[in-house]
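Okay, so here's the structure we're looking at.
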Number of protein chains: 2
Amino acid sequence: MASPKTNPNFMNGVPELLILKLIAKQEMYGYEVVQAIRLQTEEAILLGEGVIYPVLHALERDGALKSRRQTVNGRRRIYYSITPEGQRRLSDLTSNWARLTKAIQTVIVGGQHAEAV
Amino acid sequence: MASPKTNPNFMNGVPELLILKLIAKQEMYGYEVVQAIRLQTEEAILLGEGVIYPVLHALERDGALKSRRQTVNGRRRIYYSITPEGQRRLSDLTSNWARLTKAIQTVIVGGQHAEAV
DNA sequence: TTTGCATACCTTTCAGTTCAAGGTATATAC
DNA sequence: GTATATACCTTGAACTGAAAGGTATGCAAA
């Protein structure tokens, strides 16, 4: 046997994190989320609708988001807002992300405590 | 048609980045890389051999790493060291990672320049 | 002495994600 | 009437990492 224990897909959940965070700040609909990520990250992160919509549905299914329908200018929008469960989830994802980036940063900067092998 | 243009698998390349960085600092063999990542990140990142070895082979195939074989205590090790091509690759991955985390951080902290929608 | 564990290499299979591309429909501008 | 932007959606391929397996050596304990 090889690997003793690893982490389940350690780099995942970032789209989920971004979506939850944006909606936590302010009720949003799917198409709006796609644009918001593009704009706020200045094109550094480009997540298409094929990513956003399925995540939105999954989050609602899990009770992290709830939705309401509204038609504006003849266009049907589905507004999502965060639930207490979603807040918890967002909090988990955020701290996990911090932990990960800190760990990676340590390796990238590296060399301080190491060498002693 | 939906998505105009997205980024090719935006969260990838982190194992590659870590491996290149470690080997850039100091010649290393595969098994050692696995342990180094585990130790230096204090278990925050656990990448098994099933991840490390294929990446090592791919990097060597691409000319980013070169290897030499050596037997120590009856155990056959394959030491990898970085090439100029690997340095370039490491540099790219590092700046790309910085760009990404900065973008994500902006969304997480959020709310400073936004609101104006 | 044989069992187990750590070292050290490797591969294959499965599951989960993302990307790309498509589809539907309405409103507005040209 | 054609194109573009808005707004929703799904499917398929491709890629990745996780899990689990396999081989082999050296050493320590039972």
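All values reported here derive from a predicted model rather than from experimental measurement.
Comparing A:Pro54 and A:Val72 along DNA chain D, the residue whose closest nucleotide (by nearest heavy atom) sits nearer the 5' end is A:Val72.
Separating the CG atom of B:Leu47 from the P atom of C:dC10 is a distance of 17 Å, rounded to the nearest angstrom. We find that CZ of B:Phe10 is positioned 12 Å from P of C:dA20, with the value rounded to whole Å. In this structure, CG of B:Leu39 is placed 10 Å from P of C:dT7, rounded to the nearest angstrom. Atom CD1 of B:Ile52 is separated from atom P of C:dC9 by 12 Å (rounded to the nearest Å). Atom CD in B:Glu32 sits about 8 Å away from atom P in C:dA8, given to the nearest Å. Remark: P of C:dT17 and CG of A:Leu18 are 15 Å apart, rounded to the nearest angstrom. Straight-line distance from the CD atom of B:Gln70 to the P atom of C:dC9: 12 Å, rounded to whole Å. Atom CE in A:Met11 sits about 14 Å away from atom P in D:dT16, given to the nearest Å.
With distances taken from any side-chain atom of B:Glu49 to the nucleotides D:dT10, D:dC8, C:dC9, the minimum falls on C:dC9. Taking every side-chain heavy atom of A:Arg77 into account, D:dT6 is the closest of C:dC19, D:dT6, D:dA18. Closest contact between the side chain of A:Val51 and the listed nucleotides C:dG16, C:dT7, C:dC19 involves C:dC19. Closest contact between the side chain of B:His57 and the listed nucleotides C:dA8, C:dC10, D:dA18 involves C:dC10. Comparing atom distances between the B:Asn12 side chain and each of D:dG17, D:dT16, C:dT18 picks out D:dT16 as nearest. For A:Tyr53, counting side-chain heavy atoms from C-beta on, the closest listed nucleotide (D:dA7, C:dC19, D:dT16) is D:dA7. The listed nucleotides are C:dC10, D:dT16, C:dA8; the one nearest the side chain of B:Tyr29 is C:dA8. Comparing atom distances between the B:Tyr31 side chain and each of C:dA8, C:dG16, D:dC9 picks out C:dA8 as nearest. For B:Pro15, taking side-chain heavy atoms from C-beta onward, the closest of the listed nucleotides D:dG17, C:dC19, C:dC10 is D:dG17.
No side-chain donor-acceptor contact under 3.5 Å links A:Ser91 to the backbone of A:Gln87. Judged by distance alone, with hydrogens and angles left aside, the side-chain atoms of B:Gln40 form no donor-acceptor pair with the main-chain N or O of B:Ile37 at under 3.5 Å.
Contact of the A:Met11 side chain with the B:Asn12 side chain is not registered, since no non-hydrogen atoms from C-beta on lie closer than 4.5 Å. The shortest distance between side-chain heavy atoms of A:Gln105 and A:Thr101 does not fall below 4.5 Å.
Side-chain contact check for A:Thr83 and A:Lys66: no donor-acceptor pair (N or O, by modelled atom type) lies under 3.5 Å. The closest side-chain donor-acceptor pair between B:Ser67 and B:Glu60 falls under 3.5 angstrom.
Nearest heavy-atom pair, A:Pro15 versus A:Val51, reported as atom, atom and distance to 0.1 Å: CB-CG1, 4.2 Å.
With A:Tyr80 as reference, A:Ile23 is the one residue of A:Val33, A:Leu20, A:Leu22, A:Ile23 to meet the side-chain contact (heavy atoms from CB on, under 4.5 Å) rule.
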Collect all protein-nucleotide pairs involving nucleotides 26-30 of chain C in which both atoms are nitrogen or oxygen and the distance is under 3.5 Å.
residue, atom, partner, partner atom, Å
C:dT26, O2, A:Arg75, NE, 3.3
C:dT26, O2, A:Arg75, NH2, 3.4
C:dA27, O4', A:Arg75, NH2, 3.1
C:dA27, N3, A:Arg75, NH2, 3.4

